[in-house]
Each structure stands twice: as C-alpha cells, then as structure tokens.
Asker: 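One structure follows; several queries about it will come next.
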Amino acid sequence: MTATANHDRFLTLVEAHKGILYKVANAYCPNREDRQDVIQEIVIQLWRSFDRFDGRCRFSTWMYRIAVNVAISFYRSEHSRLHDTVPIEEFALDLAVADRVLEDAGDNIRLLYQFINRMDELSRALMLLYLDGYSHEEMATVLGISATNVATKINRLKQKLQRDFATAQQT
Amino acid sequence: MNFEDLQNQWAALDQKLEAGLRLNAALLREAKLDKTKSALQRLSFFIWLELACTLPVLFLVGSFLARHFSQPAFFIPGLVLHLAAIGVLGSCIHQLVLLNRIDYAGPVLVIQKRLEALRLHRIRATKWTFLTAPLLWTPLFVVTFKALGVNAWAVFPMGWMVGNLLFGVLVMVAGIWVSKRFGNRISGSPFMKQVMDDIAGRSLNRAAAFVATLAEFEDESPAR
C-alpha cells in the first residue's frame, strides 16, 4: 500500500471513530486546552502505531487502547503542555462543537461525566468502554485484565454510580 | 438510575458527537504526522543527549585515572567522578531500554506499569543527581585543576578543601529543605516544580500511589 493510500485509510478510520478522541480526552482532561493537547498526542500515537494494526480486533478497540494509554500518561505527567510540538490552534477536531453538544446533553450525562472525572484513571477507561457497549472480553483486551475481573469491577462501578446519582438527586 | 437508560442517553450523545465533530483531514495532512514530535520521542531525545554528553566525560576521566593510578590524591577524586559518570550512563541506558518497551497499542495495565517504571526511574535519577551534585564539586575541582597542570592540594589550603566538601553537604541539605518547604509555591516554571517535587519525594509518593492503584485494579478478589 502506498504512503498516501495508507494515510487515507488511517484518516477514514479515525474519522469513523472520532468520537472516541473527544470522549477519552473529556474523561481525563476537564480543561479544554488540555483536551486539545491530549487529542493531538493521541492522533500522533495512533498514526505511529497504525502500521502495526493487524485487524485482529476492531479498529475502535485498538483506538481505545491507544487513546486511554496516552490520556492516562498525559494525566499522570501533570498536564505538561505540548504547545511546542505542532503549532496548530485547533488540532484536527473542532472541540467547540463537541463542547456545545455536551452542554446541551441532559442532566444525567453531565452528572455522569462529573462522576467519571472523580474515578481513578483505570476505572474511567472501564466506564467509557462499558457505556460504549463493549463486551467484557473486549474491555479485558483493552485493559489487560481478565473478563471476570472486568465483570466484578463493572458491578462495583455501577453500584457506586447508583449511590452517586441517588445522592445528587437528594441534594 | 437505570443503566440501560443511561447507556441509551450515552449512545444518543455519541451520535450527536459523531455528527457534530469535524475532523479536519486537510489539517492532519498538513501536520505531517510522521514528523511530529510526541512526548516519548522528546524524552528519548533528552536521554540520548545526556548519553552523548556523558560518554566524553567517561573517556576523559578514564584517561585521567590511568595517568594518575599511583597518586591517590588525584586517583580517588577521579574515581568518584568516574563512578558518577558510570551511574549516569547506566541510568540513561536503563531509561532507553524502558522507553523502547513502550508501545501505546499494548494493554493499558501493561503499558501503564512500564510508563510508571520509567517515571520512577527518572524521579530517582533526578533526585540522586541533585543530591550528589554538590558533593562532586570538590573532586571535579581537583581533577580539572590537575588536568590543567595545577595541583589543587598544593595550591589551596587543606582547610579550604575540607570547607568545600562541607559546603557541598550543606547545599545538599539546604536543597532538600527548600524543596520540601517551598516546592509547592514554585509554580512559575513547570520544570522547576517537577524538579522540586522529585527532590522532596512528592513525585515518588504519587508514583507509588499509582503503582498501588494498578495493583489494586489487577486484583481479582470479589467486591469489598
């Protein structure tokens, strides 16, 4: 495959799953400027690893792995800015539109994002994958734990969310 | 809260996001992704730079040691510097090996463990560099002067030399105190803040806490 064809295939696949970029960035970076940076780093890492994508799993599953790894790494490095990498104000995604979509979403979704932001780094990933409807096996592949462990953790997270929603509704 | 409802609302949001988000393919093409620098690449560059600076030092001090093998007054300070350079070299190689094992497409837990191992190593390296640097000042002074043909032991009084060593210890202790006492207030430069956190041990504590989180996440025990 030529370099241009490979590039085009990459862009088509990323375009088809671009929501993952925003959802992962939003779960790990409450600050919009940080979201921009993390999306930029995710896209770069996706492109760097694209040659090794062998199609054994769905592209979206593979994309989630990279996105979550980059986002956690970014989050752990205490939000070091990446302005010196690519001097582009809006890197590939127009976040203003996505932010408006989120602002217009119902109270439940806004609360949900607040609760996700309070979870530890790995539970956030698990919650995003669960909400996106991935199977326990797929979640296990992304995170590198057993499917049984995924099931246990999802149950715990659901119970915790139930309690958080109940508390929020009371107040 | 019904989780099926929540998943449906999430799916609706997802559809709106997919429809609303515009991926600027032209911008991505212009960005020349092959040439963009990622965080890991930048880290790798600085480690290679450190390695490139350490190798000549190792060679020069090694030659100095060979020339002054029978003169403990110069051999010992040279040996101290040589050991420090070997330490830096070993640390750089170890970091490059760890860095090479990181592939973001791998399972999250595996990759995060590797990244944390790298972070722990880097924090320890920064901490030890800053703690030992003041103590290396006197050996560096002796070796540099001797390399220029001056015997520092003969030119400077012994009290002055011992005073320098003690000053090194004092600077080290003061450095730790300042980083613990004022580290949090130094926010002007992210780099300085990071260095202060590394010296004070805050970074190490955070890294250890994350390692514990990873271990806990891997734990298959039933719900607590």
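A, B, ... follow the sequence lines: proteins, then strands. Residue 1 opens every chain. Because only heavy atoms are used, hydrogens play no part in the values below, and waters and symmetry mates are left out as well, while side chains stay in.
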Asker: Between A/Asp120 and A/Arg124, is there a salt bridge with N-O shorter than 4.0 Å?
Answerer: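 No, A/Arg124 and A/Asp120 are not salt-bridged.
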Asker: Heavy-atom cut-off 4.5 Å, strictly under: side chain, backbone, both or neither for B/Leu214 against chain A?
Answerer: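 The answer is both parts of B/Leu214.
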Asker: Could you list the residues that satisfy salt bridge (Lys or Arg N to Asp or Glu O under 4.0 Å) with A/Asp54, not counting sequence neighbours?
Answerer: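 Partners of A/Asp54 under the salt bridge (Lys or Arg N to Asp or Glu O under 4.0 Å) test: A/Arg56.
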Asker: Name the region of A/Ala125, side chain, backbone, both or neither, that has any atom closer than 4.5 Å to a heavy atom of chain B.
Answerer: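 For A/Ala125, there is no contact with chain B at all, as no heavy atom is under 4.5 Å.
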Asker: What option among A/Phe53, A/Trp62, A/Tyr130 has the most heavy-atom pairs under 4.5 Å with chain B?
Answerer: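 Option with the greatest count: A/Tyr130.
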Asker: Using a strict 4.0 Å threshold on nitrogen-to-oxygen distance, state whether A/Arg35 and A/Asp99 make a salt bridge.
Answerer: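 Judged by the 4.0 Å cut-off on N to carboxylate O distance, A/Arg35 and A/Asp99 do form a salt bridge.
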Asker: For the residue pair A/Asp132 / A/Tyr64, report whether a side-chain donor-acceptor contact shorter than 3.5 Å exists.
Answerer: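 The criterion, which ignores hydrogens and geometry beyond distance, is satisfied for A/Asp132 and A/Tyr64.
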Asker: For a quick test of reading the model, state the closest non-hydrogen atom pair linking B/His121 to B/Ser91 and the distance between them.
Answerer: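 Where B/His121 meets B/Ser91 most closely, the heavy atoms are NE2-OG, 3.1 Å.
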Asker: Looking only at atom types and distance, does a side-chain atom of A/Ser49 sit under 3.5 Å from a main-chain N or O of A/Gln45, one as donor and one as acceptor?
Answerer: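 Checked: pair present.
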Asker: Would you call A/Glu138 and A/Arg65 a salt bridge, taking side-chain N to carboxylate O under 4.0 Å as the test?
Answerer: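 Salt bridge: no.
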Asker: With a 4.5 angstrom heavy-atom cut-off, is it the side chain or the backbone of A/Arg52 that approaches chain B, or both, or neither?
Answerer: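 The side chain, not the backbone.
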Asker: Please rank A/Val101, A/Val14, A/Ile20, A/Leu131 by heavy-atom pairs under 4.5 Å with chain B and give me the top one.
Answerer: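 Winner by heavy-atom pair count: A/Leu131.
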Asker: Let me know if A/Asn155 has heavy atoms under 4.5 Å from chain B in its side chain, its backbone, both or neither.
Answerer: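 For A/Asn155, there is no contact with chain B at all, as no heavy atom is under 4.5 Å.
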Asker: Heavy-atom distance under 4.5 Å to chain B: side chain of A/Leu126, backbone, both or neither?
Answerer: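 It is the side chain, since no backbone atom gets that close.
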Asker: Determine the option with the most heavy-atom pairs under 4.5 angstrom with chain B, choosing from A/Gly133, A/Ser146, A/Ala166, A/Ala67.
Answerer: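 Most heavy-atom pairs within the cutoff with chain B belong to A/Ser146.
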Asker: Select one option (side chain, backbone, both, neither) describing which atoms of A/Leu112 are under 4.5 Å from chain B's heavy atoms.
Answerer: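 For A/Leu112, the contact with chain B is made by the side chain alone.
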Asker: If we define contacts as heavy-atom pairs under 4.5 Å, which of A/Ile72, A/Thr141, A/Ile145, A/Val68 has the most with chain B?
Answerer: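 With the most close heavy-atom pairs to chain B, the winner is A/Ile72.
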Asker: On the six-membered ring of B/Tyr104, is A/Arg48 placed so that its NZ or CZ lies under 6.0 angstrom from the centre and within 45° of the ring axis?
Answerer: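 Not satisfied by the 6.0 Å and 45° rule.
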Asker: If you count heavy-atom pairs under 4.5 Å between each of A/Leu102, A/Leu21, A/Asp104, A/Val70 and chain B, which one has the most?
Answerer: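 Top option by heavy-atom pairs under 4.5 Å: A/Val70.
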Asker: Hey, which of A/Lys23, A/His17, A/Met63 has the most heavy atom pairs under 4.5 Å with chain B?
Answerer: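 Among A/Lys23, A/His17, A/Met63, the one with the most close pairs to chain B is A/Lys23.
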Asker: So which part of B/Ala105 gets closer than 4.5 Å to some heavy atom of chain A, the side chain, the backbone, both or neither?
Answerer: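 Interface part for B/Ala105: both.
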Asker: Is there a donor in the side chain of B/Asp5 and an acceptor in the side chain of A/Asn108, or the other way round, less than 3.5 Å apart?
Answerer: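 There is no such pair (donor and acceptor under 3.5 Å, judged by atom type) between the side chains of B/Asp5 and A/Asn108.
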Asker: Compare all side-chain heavy atoms of A/Phe10 with those of A/Trp47 and state whether any distance is below 4.5 angstrom.
Answerer: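 Side chain of A/Phe10 against side chain of A/Trp47, heavy atoms only: contact under 4.5 Å found.
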Asker: Taking side chain as everything from C-beta outward and backbone as N, CA, C, O, which of these in A/Phe50 sits under 4.5 Å from a heavy atom of chain B? Side chain, backbone, both or neither.
Answerer: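 Nothing of A/Phe50, per the 4.5 Å heavy-atom cut-off to chain B.
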Asker: B/Leu115 versus chain A, heavy atoms under 4.5 Å apart: side chain, backbone, both or neither?
Answerer: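 Side chain of B/Leu115 only, per the 4.5 Å heavy-atom cut-off to chain A.
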Asker: Any idea which of B/Ala19, B/Ala12, B/Gly106 has the most non-hydrogen atom pairs under 4.5 angstrom with chain A?
Answerer: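 Highest number of heavy-atom pairs under 4.5 Å: B/Gly106.
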